[in-house]
Chemist: 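Please find one structure pasted underneath; my questions will follow.
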4 protein chains.
Amino acid sequence: MQRQHRKVANATNASAEHEPRWRRRKDDRPREILNAALAVFLEKGFAATRLEDIAEKAKVTKGTLFIYFENKEELFRSLIRDAIAQSQKISEITHVEIQATAQDTIILFANNWWKYMANSDLGKIPKMIISEANNFPDLAKEYFDNCLLPGRQILVDAIRHGVKNGEFKDIDPEAAARIFLAPYMMSQIWRYSMGPIDSAPMDHLNYINTHLKMTMNGLLKQPS
Amino acid sequence: MQRQHRKVANATNASAEHEPRWRRRKDDRPREILNAALAVFLEKGFAATRLEDIAEKAKVTKGTLFIYFENKEELFRSLIRDAIAQSQKISEITHVEIQATAQDTIILFANNWWKYMANSDLGKIPKMIISEANNFPDLAKEYFDNCLLPGRQILVDAIRHGVKNGEFKDIDPEAAARIFLAPYMMSQIWRYSMGPIDSAPMDHLNYINTHLKMTMNGLLKQPS
Amino acid sequence: MQRQHRKVANATNASAEHEPRWRRRKDDRPREILNAALAVFLEKGFAATRLEDIAEKAKVTKGTLFIYFENKEELFRSLIRDAIAQSQKISEITHVEIQATAQDTIILFANNWWKYMANSDLGKIPKMIISEANNFPDLAKEYFDNCLLPGRQILVDAIRHGVKNGEFKDIDPEAAARIFLAPYMMSQIWRYSMGPIDSAPMDHLNYINTHLKMTMNGLLKQPS
Amino acid sequence: MQRQHRKVANATNASAEHEPRWRRRKDDRPREILNAALAVFLEKGFAATRLEDIAEKAKVTKGTLFIYFENKEELFRSLIRDAIAQSQKISEITHVEIQATAQDTIILFANNWWKYMANSDLGKIPKMIISEANNFPDLAKEYFDNCLLPGRQILVDAIRHGVKNGEFKDIDPEAAARIFLAPYMMSQIWRYSMGPIDSAPMDHLNYINTHLKMTMNGLLKQPS
DNA sequence: GATGAATGAGCTTTCATTCAT
DNA sequence: TATGAATGAAAGCTCATTCAT
């Protein structure tokens, strides 16, 4: 005991206005760790991620991670579950009222949904889920059921409605919904994987607008 | 890879004449290992894959892998490089002659390309590249430059040509090409990740046909 | 230990006059911690014991342990040393006057000694010492020299005296003393280890009386 | 590959008659490891034992332990289970025929049993079981049921028989059996814990003989 | 060549100990 | 004083890689 106290005293005397070696950040730590974890898991994948990298990025030591998360797997799961929970909140927001036309419904939904996907950390999840789906099938399913299916269903319904009321051509709504979503998903997946590699980076806004234009009107001037 | 191939060639020469044709030949080993590796790497990703799993699938033991491949990383690289090499051969085949209409050119290309993507192991590469792009950026770039860019460029050229000659509406060919490709890519990536999870499995042919119809003619009956 | 006691004494002096007597006083802490430590160390052994378990049992937090004890090892040592000190006090009590017969001396000593062994925390020490003797040989020696040897010596002396004066048969007093003690020791060691497992729990009083009867008179009706 | 082969060649050339870095000892390893484990677990206890110590004693590396045992706990359990299995074989040997007198039965059994306890590794188990009983209650129970109870029961039966036929005094056979066994057990427990500390080491044979004499005939010349 | 026992570097996890609060 | 968040030094365990067989 004596010895330790003296040690502290010395340290204090030697450099009185020193930054403390660490601070208590009980409330903020989990978020900081999750943010760091997201960055590293996204980049390297689950297995290739070393907890030390996450710790370093979160500016804590390895041991601290285990105060807030049971183990590496639980940290990863927390990350995904957290994203799912946030997505659901957003789902409620983006749950669009049916508009005058099916086209308007689709565009409104797509724009709302895209706003979150492209501008928040939520947009990083699809790449991670794709990469880890076989290692964490339960998480993938949870994400799929809660975050992807509902949005797809809105599209299916809108397209089916548009087909029925003569606004859209006769088309399979299920397939059309998937196709409509593919460029959005692909864009996000690409961004966090091939993004740094693709020599011709994409103008996202232009990309999305072109997508809507193409999907609605087609490429052909004189449709067959 | 190079080194291994030479070694394999030697082995073949040395023993080919006194072994019956139908017998499993020693120089099939690298192929068998690569096949096994593809299956496991695809499922689990590079870091989560244990060489023992690959060995088991290839019906050899761990030690044997190191006879044919320098180490785990080289095995993975061989896999991708091998796929790139095959893709290039196919590229030559799918390098379509320009057709009467831009639409025909695009459809011809797409069908050819899709034939290989959907029906051979080549279609498994995109998911792996997406997952490992940040851990193997050089491989990702190689794949991108040799397998994706050329195909995309054919589309860009065809669309640009179609826009110029009045066949297509006025649209950004770069963006349009990416959007056109997205559902194809997404379909393959999905297949090997979320495929087993997606409750409503896809009819690929229907999906592709709907895609072509939508892209060419649009959804709207009365295009704006 | 010494240091802690002084510290405690100070604390008592400083605050004794303005705190009600019945209130749990600060200087009970070391005792409470030692009690908790005894329970957990006894159950799990030194290395398998987590300080957090002791803290919880003592209704303090981990950090508090380090206020009263320098480290885990010192806490353990304090525990044993404390027991040794108590044993010595008791030794003085049980240091029996020589009785009319050697038998009476032995029985008087055994009953006195047993009273403490069977009914106080002192009886928990043998199991701990046995378990940790190789990890803390100095402690084991201290316990042996101060707590076991003196008692054994009393027995050796009494037996030797009994042999000499014809009260006892001709027997090796050293061996006989050990043998006489063994069932007592074993009984305590057993109690805190196999006790909960032994399906037929022991009636201690019966056990001890049988022991005395057997040891003094033997099993045989017609001694050879 | 090339590189490694050359490396080997160099090493070989440089010191051709070198001892190999390791040998394959598939069949002997488990025994060697168990022996090493017994020594270290016995000395330090389960929790304080580092696998590295066992590995070192067994002249292998840490990793090798995991080839033969699933984890530290399983290694420990294997050790005990192995001892139990051996004990049972011996039990069959020591399962004594009933002799002319109860005294003879007891002495025959005790001598047989003691032969193994005092002269083989089996005698090390009681100290370990005592120490770890609370951490491995299932193992302790298994040991108790298979190794201790049967022997004790033989004694109980013999004593009860002796009491009934007038050979022995009227005594509680259950208690007497425990008391009879205590010095044997204590002797073994002592040997592997306090043994190195006890300044006056024991002559085991003398100890046992004194025990038998005392137990059978008692200390008193003129039994009361 | 092929095998798989053995190695050893590296990672996850634990927990005694420290120290900001 | 007391707390408990944070640290960091092990320890257990895994697995790519080596190498005796």
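So that the names make sense, note that chain A is the first sequence line, chain B the second, and so on, each numbered from 1. Hydrogens, waters and symmetry mates play no part in the numbers below; they use all other heavy atoms, side chains included.
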Chemist: If you find the nucleotide of DNA chain F closest to B:Thr49 and the one closest to D:Lys72, which residue's nucleotide is nearer the 5' end?
Modeler: D:Lys72
Chemist: C:Leu139 and C:Ile129: which non-hydrogen atoms are nearest, and at how many Å?
Modeler: O-CD1, 4.4 Å
Chemist: Mapping C:Glu73 and A:Glu70 onto DNA chain E by nearest heavy atom, which one lands closer to the 5' end?
Modeler: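 Its nearest nucleotide lies further toward 5', so the answer is A:Glu70.
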Chemist: Collect all protein-nucleotide pairs involving nucleotides 6-8 of chain F in which both atoms are nitrogen or oxygen and the distance is under 3.5 Å.
Modeler:
{"residue": "F:dA6", "atom": "OP1", "partner": "A:Arg23", "partner atom": "O", "Å": "3.4"}
{"residue": "F:dA6", "atom": "OP1", "partner": "A:Arg25", "partner atom": "N", "Å": "2.8"}
{"residue": "F:dA6", "atom": "OP1", "partner": "A:Arg29", "partner atom": "NE", "Å": "2.8"}
{"residue": "F:dA6", "atom": "OP1", "partner": "A:Arg29", "partner atom": "NH2", "Å": "3.3"}
{"residue": "F:dA6", "atom": "OP2", "partner": "A:Tyr68", "partner atom": "OH", "Å": "2.3"}
{"residue": "F:dT7", "atom": "OP2", "partner": "A:Thr61", "partner atom": "N", "Å": "3.0"}
{"residue": "F:dT7", "atom": "OP2", "partner": "A:Thr61", "partner atom": "OG1", "Å": "3.1"}
{"residue": "F:dT7", "atom": "OP2", "partner": "A:Thr64", "partner atom": "OG1", "Å": "2.5"}
{"residue": "F:dT7", "atom": "O5'", "partner": "A:Thr61", "partner atom": "OG1", "Å": "3.4"}

Chemist: D:Phe66 and D:Leu51: which non-hydrogen atoms are nearest, and at how many Å?
Modeler: CZ-CD1, 3.6 Å
Chemist: Shortest non-hydrogen contact from A:Thr49 to A:Gly45?
Modeler: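 For A:Thr49 and A:Gly45, the tightest heavy-atom pair comes out as OG1-O, 2.6 Å.
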Chemist: Grab the stems for DNA chain E, please: at least three consecutive Watson-Crick or wobble pairs, both distances below 3.5 Å, written as range with range.
Modeler: E:2-21 with F:2-21
Chemist: Let me see the working for D:Leu34 and D:Phe69 under side chain to side chain contact (heavy atoms under 4.5 Å, CB included), right down to the final yes or no.
Modeler: CA-CA 10 Å; D:Leu34 285 172; D:Phe69 300 93; 3.8 Å; yes
Chemist: Taking the six-membered ring for Trp, are B:Phe136 and B:Phe76 parallel (under 30°), tilted (30 to 60°) or perpendicular (over 60°)?
Modeler: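 Tilted, since the angle between the ring planes falls between 30° and 60°.
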Chemist: Less than 3.5 Å apart, any donor N or O on the side chain of B:Glu132 or B:Asn135 sitting next to an acceptor on the other?
Modeler: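 On atom types as modelled, these side chains qualify, holding a pair under 3.5 Å.
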Chemist: What is the separation between atom CZ on B:Phe69 and atom P on F:dA16, rounded to the nearest whole Å?
Modeler: 15 Å
Chemist: Taking all non-hydrogen atoms of both residues into account, name the closest pair between B:Ala47 and A:Ala47 and its distance.
Modeler: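 For B:Ala47 versus A:Ala47, the nearest heavy atoms are CB-CB, 3.7 Å.
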Chemist: Which heavy-atom pair separates D:Lys127 from D:Ser193 by the least distance, and what is that distance?
Modeler: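 The answer is CE-CB, 4.1 Å.
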